[in-house]
*Asks:* 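Please see the structure below; I have some questions.
Chain identifiers are assigned alphabetically (A, B, ...) following the order of the sequence lines, protein sequences preceding nucleic acid strands; residue numbering begins at 1 within each chain.
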2 protein chains.
Amino acid sequence: MSVALSPSQALHLWHSATLRLVRSDAPDLTLRQLSILLHIYLVPPPHTVRGLASTLGVTKPVITRALDSMGSLGLVRRSRDERDRRNVIIQRTVDGALYLEKLGDIIIDEGRELSL
Amino acid sequence: MSVALSPSQALHLWHSATLRLVRSDAPDLTLRQLSILLHIYLVPPPHTVRGLASTLGVTKPVITRALDSMGSLGLVRRSRDERDRRNVIIQRTVDGALYLEKLGDIIIDEGRELSL
DNA sequence: CGATAATGATACGGTAGCGAAACAATCATT
DNA sequence: AATGATTGTTTCGCTACCGTATCATTATCG
């Protein structure tokens, strides 16, 4: 199966999926928050504040704030690393998995309609 | 050419493209702003504030503010409709086209690496 | 132990987003 | 011309984000 996209297809896919995301009643995450959420769920753990900051190229408070926001939405969970109690391990939640599942559905759905 | 995506592929594509967008030095647009920008450039004109608000399912001030922000970034331009001077016609700019071209490149680039 | 380093959270001042409501300008209707 | 409808902007009070700098806690090293 190929996922080669033409320039037009790529932008149309992004357009329609983003539009549906905006129109949906799903929590309105920033691009950075969405990136963090995707990273946590798609890249093997463990995930730390410092690591995420470095990966995204942002400062640590950005990560702390994003975890605060998404944490209160139930999309993500924090816990101390007992082996080095300075670290915070960021963990997945059921709600977070559901959120991303919905996002995946939207993308696939819009991608399907790209067939020319 | 097929653009059928598996659930995993769809999310990985979104993840890597979003990550590169966040890491890039490109202006940090919100999801709504990005959606507006894509709509203006991908859907045939004319585009009005009212029309965009209805399409995105948001209030008019959201569009006005987004146009203010993206306008000062040079991504978008406003002009009066001379046939009905109540309307504002939203127009494309060279910088806006370049921004989206770059976004398209990123998506294509990451999509290419999805081939299994 | 004591000093230094590392990690994440917090404080701060500033900017920008939000929806609801009110507003000015323009058009349509009579 | 006068009234009412339509369009986009502005104002209001509020919330959330930003980067820099600082802080508290914990670990490491001498």
*Asks:* In whole angstrom, what separates His47(B)'s NE2 from dG8(D)'s C1'?
*Replies:* 17 Å
*Asks:* Are Asn87(A) and dG8(C) close enough that a side-chain N or O sits under 4.0 Å from OP1 or OP2?
*Replies:* yes
*Asks:* Find which nucleotide of DNA chain D each of Arg78(B) and Arg83(A) is nearest to by heavy atoms, and output the residue with the more 5' nucleotide.
*Replies:* Arg78(B)
*Asks:* Between dA20(C) atom P and Ile63(B) atom CD1, what is the distance in whole Å?
*Replies:* 15 Å
*Asks:* Show your working on side-chain contact (heavy atoms from CB on, under 4.5 Å) between Leu34(B) and Leu103(B) and close with a plain yes or no.
*Replies:* CA-CA 10 Å; Leu34(B) 191 55; Leu103(B) 174 60; 4.2 Å; yes
*Asks:* Report yes if a side-chain nitrogen or oxygen of Thr59(B) is closer than 4.0 Å to either non-bridging phosphate oxygen (OP1 or OP2) of dG19(C); otherwise report no.
*Replies:* yes
*Asks:* With a 4.0 Å cutoff (strictly under), does any side-chain N or O of Thr64(B) reach OP1 or OP2 of dG8(D)?
*Replies:* no
*Asks:* Does Arg85(B) make a side-chain N or O approach to OP1 or OP2 of dT26(C) shorter than 4.0 Å?
*Replies:* yes
*Asks:* How many whole angstroms separate atom CG of Asp81(B) from atom P of dT7(D)?
*Replies:* 12 Å
*Asks:* Pick the nucleotide of DNA chain D nearest each of Gln33(A) and Asp84(A); which residue has the one closer to the 5' end?
*Replies:* Gln33(A)
*Asks:* So what does Val58(A) hit on the nucleic acid, given a heavy-atom distance under 4.0 Å: a base, only sugar-phosphate, or nothing?
*Replies:* nothing
*Asks:* Could you tell me the separation between the CZ atom of Arg80(B) and the C1' atom of dA25(C), rounded to a whole number of Å?
*Replies:* 7 Å
*Asks:* If you apply the rule side-chain contact (heavy atoms from CB on, under 4.5 Å), what do you find for Leu37(B) with Met70(B), and how did you get there?
*Replies:* CA-CA 8 Å; Leu37(B) 193 62; Met70(B) 294 193 292; 4.1 Å; yes
*Asks:* Rounded to whole angstroms, how far apart are CZ on Arg86(B) and P on dT7(D)?
*Replies:* 6 Å
*Asks:* Consider the side chain of Pro61(B), meaning its heavy atoms from C-beta on, and name the nucleotide among dT10(D), dC18(C), dG19(D) that approaches it most closely.
*Replies:* dT10(D)
*Asks:* When all nucleic acid strands are considered with a 4.0 Å heavy-atom cut-off, which category describes Arg65(B): base, sugar-phosphate, or nothing?
*Replies:* base
*Asks:* Leu56(A) has an atom CG; how far is it from atom P of dC17(D), in whole Å?
*Replies:* 14 Å
*Asks:* For Arg50(B) and dC27(C), what is the distance between atoms CZ and C1' respectively, to the nearest whole Å?
*Replies:* 13 Å
*Asks:* When the distance from CG of Leu31(A) to C1' of dC17(D) is rounded to whole Å, what number comes out?
*Replies:* 14 Å
*Asks:* Quick one about His12(A) and Ser8(A) (side-chain donor to acceptor, distance below 3.5 Å, no hydrogens or angles considered), yes or no?
*Replies:* yes
*Asks:* Within the structure, does a side-chain N or O atom of Arg32(B) lie under 4.0 Å from either OP1 or OP2 of dA16(C)?
*Replies:* no
*Asks:* Checking Gln91(A) against Arg78(A) for the side-chain contact (heavy atoms from CB on, under 4.5 Å) test, could you report, in this order, the C-alpha distance in whole Å, the side-chain angles of both residues, the deciding distance, and whether it holds?
*Replies:* CA-CA 6 Å; Gln91(A) 292 177 311; Arg78(A) 271 185 274 213; over 6 Å; no
*Asks:* Ignoring backbone atoms, establish whether Ser69(B) has a side-chain N or O less than 4.0 Å from OP1 or OP2 of dG17(C).
*Replies:* yes
*Asks:* Report yes or no: do His39(B) and His47(B) form a side-chain donor-acceptor pair below 3.5 Å?
*Replies:* no
